[in-house]
Colleague: 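Quick one: this structure, given as C-alpha cells, is what I'll be asking you about.
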2 protein chains.
Amino acid sequence: MLSEQLIVETALRMLREHGSAGLSARRLGLALDADPSTLYRYFRGMDDLTLAIGDALIGQALQGWRPTGEWRSDLRGLGLRIHAVYVGHPQAALLTANRVTGRAHELAADEAILDVLRTAGFPLPDTVRIYQAFIDQTLAFAALDAASLALPRESLSADEDMWRSTYARLPRTTHPRIAEAAHLLATRMVDSAYPTALEMLLDGAAAQWEALRSRG
Amino acid sequence: MLSEQLIVETALRMLREHGSAGLSARRLGLALDADPSTLYRYFRGMDDLTLAIGDALIGQALQGWRPTGEWRSDLRGLGLRIHAVYVGHPQAALLTANRVTGRAHELAADEAILDVLRTAGFPLPDTVRIYQAFIDQTLAFAALDAASLALPRESLSADEDMWRSTYARLPRTTHPRIAEAAHLLATRMVDSAYPTALEMLLDGAAAQWEALRSRG
DNA sequence: GGATAAGGTCAATGGTGTTGGCATAAGGCG
DNA sequence: CGCCTTATGCCAACACCATTGACCTTATCC
C-alpha cells in the first residue's frame, strides 16, 4: 500500500500546499492515513526523507533530457532544467538545494555534466573546475530564487511586505538613494538573474575551449 | 542585565559552537541564565531573533567600510566583505542569508550600494538592475558556501563523507566520468567560486558604463 | 500448516516555540 | 514618604515535534 515513491510524492504535495514548515512526520502520516512511525520503515528519519525529496527533484529535472552533442547548449539546457524544477518546488528546494544526496538521480546528473564536458574535449582538470562552477552557481541561484518564492506563503511575517511597509516609506533625508529608487525596487523583477549569469559562465568556458583549441 | 545586543551575540556564539540546530529558546535561555520566556520581551519570536542575527552580520560586514569613490573597487570590497562575514558565521548565514530583515544595517548596506552606483553616474534603471544582480549573487554564493561549511558539523549524516563513501567507490562501468574524476572531485576546492563570479559581474557593469560614456 | 518476516499501530519519551499570569524592582510624581 | 506605573524576569502550562520499542496483524514461503 505505502511505498517510498508514494511518500515522497505526498511530501512534495504537502510542501507545496502547507509550506516548508508544514511537513512533519505527524502531518505526513495523517495525509497518508498511516501512523507517523510507519514512515520509519521506509526512511531512517526525516533527514533521510529530505534527501529522497531532493533526489526526486533532480530526477524530475533530468527526465527526458538527451545530450545533443553541442556542449554549450547541453549545459545550458541542464542548468535551466534544474533551476526551473527547483523554482517550481520552492519549499522543497529550500530544504534540499544545499544537500548532497548521493542517490541515483544526483549521480546521474553529475555523470551527465561531466560527460558533456569530457566529450567536448575538455581536459580533466578543466572539466572538474567548470563542473563545480556550473553546478554551484545553478544550485546557489536556485536556492535563492526558491527562497523568495517560498517565504511569503510560509510565514505571515512576509518579507514581501517589507518592501512596501519599510523600504517605500523611508524618508529622503536619511536614505536618499533608496527613496529615489523605491518605485523601481518595489516592482522588483520576478525574473531570476540566473539565465544571465549562466550565459556569462558559458562564455568563460567557451573562451577556455578556444584557447585549448588554438594551442592544439 | 539582558539586552538585545547581548542576546544576539550569545545566539551567534551558540550557533558557532552547537550548530544551526543547537539554537533554541530553551538553550539560549540556559546560556544567558534566564528563562526562555524572557526572550519574548526583546523579540516577537524566534523568527524575529533570526532577523536580528542577520542584521548583525550585515552590520559587522559594513563596520569600518568607507567608499573610495572608485565604484568598481567599492562594489568589490562590499561584496567580498559581506561574503566573508557570512562564510565566517556559516550556521548563522544559513538561517539568514535569504531573508529580508528591513532593519537598520540592511538598509544602510542597500543605501551604500545604490549610492556607489548613482555617484558613479549610472542612470536609475541601470543602478537598480546592477544592484539586484550584485546583491543576489553575493547572497546566493554566501548561502551556498556557508551551507557546505555548516552542514558537516551540524549533522552526523555528514554530506562530506558522501564524496569518499559513495562517489569515490562508483564502478567505472556505470559511472565512467565520475570514476575518472573521482580523485579530483575528492579534493574539491575549499575556495569559493564567488570572487571569480563577482569579477565577471563587475566586467558586465563596466562594459555598460563605457557604453553610456561613449554616448555622452 | 506452521514458521518467518514485513508492514502497520499504540503509547511513551524528551525535545521544541509560545503564552498568560504572577512576582519583583525601578523610577516618576503627588 | 507613599503610591502607581512600567519594565523585566520567572513559573507553569499548552500544543506541537521526531523518534523509539513493544505489540499485533497479515501474507508468504517451505
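A note on names: the letters A, B, ... follow the listed sequences, proteins ahead of strands, and every chain is numbered from 1. Owing to the predicted nature of the structure, the values given are computational and were not obtained by experimental measurement.
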Colleague: Considering residues at least two apart in sequence or located in another chain, which fulfil the side-chain hydrogen bond (donor to acceptor under 3.5 Å, both in side chains) criterion with B:T96?
Modeller: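 Once residues adjacent in sequence are excluded, B:T96 has no partner under the side-chain hydrogen bond (donor to acceptor under 3.5 Å, both in side chains) criterion.
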Colleague: Please report the distance, rounded to the nearest Å, between CG in B:L28 and C1' in D:dG9.
Modeller: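 Interatomic distance, CG of B:L28 to C1' of D:dG9: 15 Å.
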Colleague: With sugar-phosphate meaning primed atoms plus P, OP1 and OP2, does B:F43 contact a base, only sugar-phosphate, or nothing at under 4.0 Å between heavy atoms?
Modeller: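 Touches nothing.
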Colleague: Is the NE2 atom of A:H89 crowded by more than 12 outside heavy atoms at less than 6.0 Å?
Modeller: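 Counting other residues, nucleotides and ligands, NE2 of A:H89 exceeds 12 neighbours.
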Colleague: In this structure, how many angstroms lie between the P atom of D:dT20 and the CE atom of A:M46, rounded?
Modeller: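 Checked: the CE to P distance equals 13 Å.
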Colleague: Let me know the distance between CG of B:L39 and P of C:dG20, rounded to the nearest Å.
Modeller: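 My rounded result for the distance is 17 Å.
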Colleague: I need the CG-C1' distance between A:L30 and D:dC17, as an integer number of Å.
Modeller: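 Roughly 14 Å, once rounded to whole Å.
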Colleague: Under the rule for side-chain contact (heavy atoms from CB on, under 4.5 Å), what residues qualify as partners of A:T173, not counting sequence neighbours?
Modeller: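 Here the qualifying residues are A:P171.
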Colleague: Is it true that B:D35 and B:R41 make a salt bridge, defined as a side-chain N closer than 4.0 Å to a carboxylate O?
Modeller: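 No, B:D35 and B:R41 are not salt-bridged.
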Colleague: Under the rule for salt bridge (Lys or Arg N to Asp or Glu O under 4.0 Å), what residues qualify as partners of B:D115, not counting sequence neighbours?
Modeller: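 So B:D115 forms a salt bridge (Lys or Arg N to Asp or Glu O under 4.0 Å) with A:R177.
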Colleague: Partners of A:R13 by side-chain contact (heavy atoms from CB on, under 4.5 Å), sequence neighbours excluded?
Modeller: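 Listed in chain order: A:T10, A:E17.
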Colleague: Within the modelled atom types, does a donor on one side and an acceptor on the other bring the side chain of B:R26 and the base of C:dG17 under 3.5 Å apart?
Modeller: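 Per atom types, the contact qualifies.
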Colleague: Within this structure, what is the CE-to-C1' distance between A:M14 and D:dC17, rounded to whole angstrom?
Modeller: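 That distance rounds to 13 Å.
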Colleague: In whole Å, what is the span from the CD atom of A:E4 to the C1' atom of C:dA6?
Modeller: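 Between C1' of C:dA6 and CD of A:E4: 16 Å.
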Colleague: Under the side-chain contact (heavy atoms from CB on, under 4.5 Å) rule, collect the residues that match up with A:A56, sequence neighbours excluded.
Modeller: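 A:A56: side-chain contact (heavy atoms from CB on, under 4.5 Å) contacts with A:V8.
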Colleague: Output the rounded distance in Å from NE2 (B:H18) to P (C:dT16).
Modeller: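 Taking atom P of C:dT16 as the reference, NE2 of B:H18 is at 12 Å.
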Colleague: To the nearest angstrom, how far is A:R27 atom CZ from D:dC16 atom P?
Modeller: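 After rounding, the reported distance stands at 10 Å.
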Colleague: Under 4.0 Å: is that the gap between some side-chain N or O of A:Y40 and OP1 or OP2 of D:dG21?
Modeller: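 For D:dG21, OP1/OP2 do not have a side-chain N/O of A:Y40 under 4.0 Å.
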Colleague: Output one line per pair: protein atom, nucleotide atom from nucleotides 9-11 of chain C, and distance, for all N/O pairs under 3.5 Å.
Modeller:
unit_1, atom_1, unit_2, atom_2, d
C:dT9, OP2, A:D35, N, 2.7
C:dT9, OP2, A:T38, OG1, 3.1
C:dC10, N4, A:S37, OG, 2.9

Colleague: Identify, between A:L23 and B:Y42, the residue whose nearest nucleotide on DNA chain D lies closer to the 5' end.
Modeller: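 Nearest-nucleotide comparison on DNA chain D picks B:Y42.
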